[in-house]
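One-based numbering along the sequence shown. We count ligands from 1, going down the list as the structure has it; atoms in each ligand are counted the same way. Values reported hereafter were calculated over all heavy atoms of this structure, with side chains retained and with hydrogens, waters and symmetry mates removed.
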Amino acid sequence: MSDTANDYQGVATMDKISSLAKRRGFIFQSSEIYGGQSGAWDYGPLGIELKNRIMGFWWKEMTQLHDDIVGLDAAILMHSRVWEASGHVENFTDPLVDCKKCKSRFRADQIPEEKLSAKKCPDCGGELTDVRKFNLMFKSHIGAIEDEANIVYLRPETAQGIYVNYKNIIQSNRMKIPFGIAQVGKAFRNEIVTKNFIFRSREFEQMEMQYFVKPGTDEEWFNEWKKRRWAFYEKLGVKMDHLRWHQHGPDELAHYARDAYDIQYLFPMGWSELEGIHNRTDYDLSRHSQFSGKDLQYIDQEANERYLPFIVETSAGLTRSLLMILCDAYDEEKVADKGNDDDWRTVLRFHPAIAPITVAVLPLMKKDGLAELAEDIRNELKEDFATDYDQGGAIGRRYRRQDEAGTPFCVTIDYESKDNGSVTLRFRDSMEQVRVNRVELAERLRKEIKEYKRTKG
Ligand code: ATP
């Protein structure tokens, strides 16, 4: 991960993002009234909608649009042998150092080389301890007795649940190689340092897809999945000049991996990993085969062959993607020149397909039956869209509130609506307003969502 923010020229800062996220109910600190639980976050009403939609966008892309990929939801608690086989018990460690003076704790690979070799604290200059290996898995016990035989780990990644079910899925769903298994779920890592808001948390969510291929075709599939994952972000409508590839060098590459690339995003704190695409060879299945004693070879009846498949993995953070989307969507725009605070608006330019609220319905006035008419229209739209209703305050302020929540469309009901059934459709990005007939509204919204292209920010 790069620590430099030199390339970053956006208006979003992590402080602005986290305060907007709190103010508007996207993300709260866990257990805040008790002083907070570090590395854990609660997703509020807008946050959970955004998270679900990013997840849905990914899920649709992976499963609905790929006939050869099926889904899975494996348990978080797995047999402890899984983590011995995977290498996590032995190797899932980060190098840890403490400052003897200010008691700060660091990941040794994240402090400058010269400070580490001089054993100098990067914060206060105090003396650092020797580097120790620290295992990132959270450990607990199953049942009443706390002994070695009952150890259970909170999974640090979702992938292992896929590997141990790969034979079940072949048998139950008659999958033929090449095929993939997709999964979204919680993962837990006892990270030494958590910073940059939700970027690195101790409890987070991953969206992983493991693609099983014939050895020898792995390089081709690896390149294919690199292309597809890049195209995914294009479809999501994020700033493509804020994305780049980072190939793992020999010192970063896991010993079993043949090749690995990260997709990095230019966050306010600098270029940082968003997703990893890895050629994991047959390491995972051969280890599980060895540790479980089960034959995990794939039997290709047509070719009369058996082999252990290679695995190409695409592993993205869901909660980290949400942070990326917030940073990417954040914009401040000058919309007037009156010399006061109202000259500027804060706007989240979410793709309408993932916006927490798709359309807000606003009666111009509460009186004269406008509120009732607006509620009626809202109820009609509710079946097909995520809606909001707001009748409080000046219309300009209500638009601003929706801009800040990232709502791409507002529908305003006025006196003309009562007379001729037309409503005002207001677009978040351009602030343009058009009259649309009520009966054509849903169709128009569907078209706008499908054809959306980001033009601003
Ligand atoms: P790092 O080296 O930064 O600790 P990693 O390379 O170990 O991360 P992976 O194991 O490849 O990360 O995890 C896959 C994805 O899961 C990452 O690209 C990231 O999006 C997400 N992820 C990993 N750790 C965390 C975390 N602590 N908090 C939030 N998301 C995470």
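Here is the list of ligand 1 atoms found below 4.0 Å of a heavy atom in Arg107: 4 (O). Shown in contact with Glu273 at under 4.0 Å from a heavy atom are these atoms of ligand 1, numbered in order with element: 6 (O), 11 (O), 12 (O), 17 (C), 18 (O). Atoms of ligand 1 found under 4.0 Å from any heavy atom of Phe199 (numbered from 1 in listed order, with element): 28 (N), 29 (C), 30 (N).
Neither side chain, Tyr166 nor Asp284, offers a donor N or O lying under 3.5 Å from an acceptor on the other. Looking at Tyr163 and Arg280, their side chains do bring a donor and an acceptor atom within 3.5 Å of each other.
The distance criterion of under 3.5 Å between nitrogen or oxygen atoms is met by Leu274 with respect to ligand 1. At under 3.5 Å, a nitrogen or oxygen of Gly317, whether backbone or side chain, sits near a nitrogen or oxygen of ligand 1. Distances between N or O atoms of Glu208 and those of ligand 1 include no value under 3.5 Å.
The only member of Lys239, Arg349, Arg345, Lys456 that meets salt bridge (Lys or Arg N to Asp or Glu O under 4.0 Å) when paired with Asp331 is Arg349. In summary, of the residues considered (Lys51, Glu205, Met207), a side-chain contact (heavy atoms from CB on, under 4.5 Å) with Ser321 occurs for Met207 alone.
The residue among Gln206, Glu252, Glu191 with a heavy atom at the shortest distance from atom 27 (N) of ligand 1 is Glu191. Relative to atom 1 (P) of ligand 1, the option among His248, Glu313, Arg200 with the closest non-hydrogen atom is Arg200.
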Would Leu323 and Tyr265 satisfy side chain to side chain contact (heavy atoms under 4.5 Å, CB included), going step by step from the backbone distance to the final call? CA-CA 11 Å; Leu323 178 63; Tyr265 182 80; over 6 Å; no
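Atom NZ of Lys100 and atom SG of Cys102 lie 13.0 Å apart (nearest 0.5 Å).
Residue-level proximity to ligand 1 for Glu275 is carried by the backbone, the only part with a heavy atom below 4.0 angstrom. In Arg189, the part holding a heavy atom less than 4.0 Å from any atom of ligand 1 is the side chain. Of all the heavy atoms of Thr194, none lies under 4.0 Å from any atom of ligand 1, so neither backbone nor side chain is involved.
Here Phe232 and Phe57 bring their ring centres to under 6.0 angstrom of each other.
Relative orientation of the His255 and Tyr283 rings is perpendicular, given thresholds of 30° and 60° on the angle between their planes.
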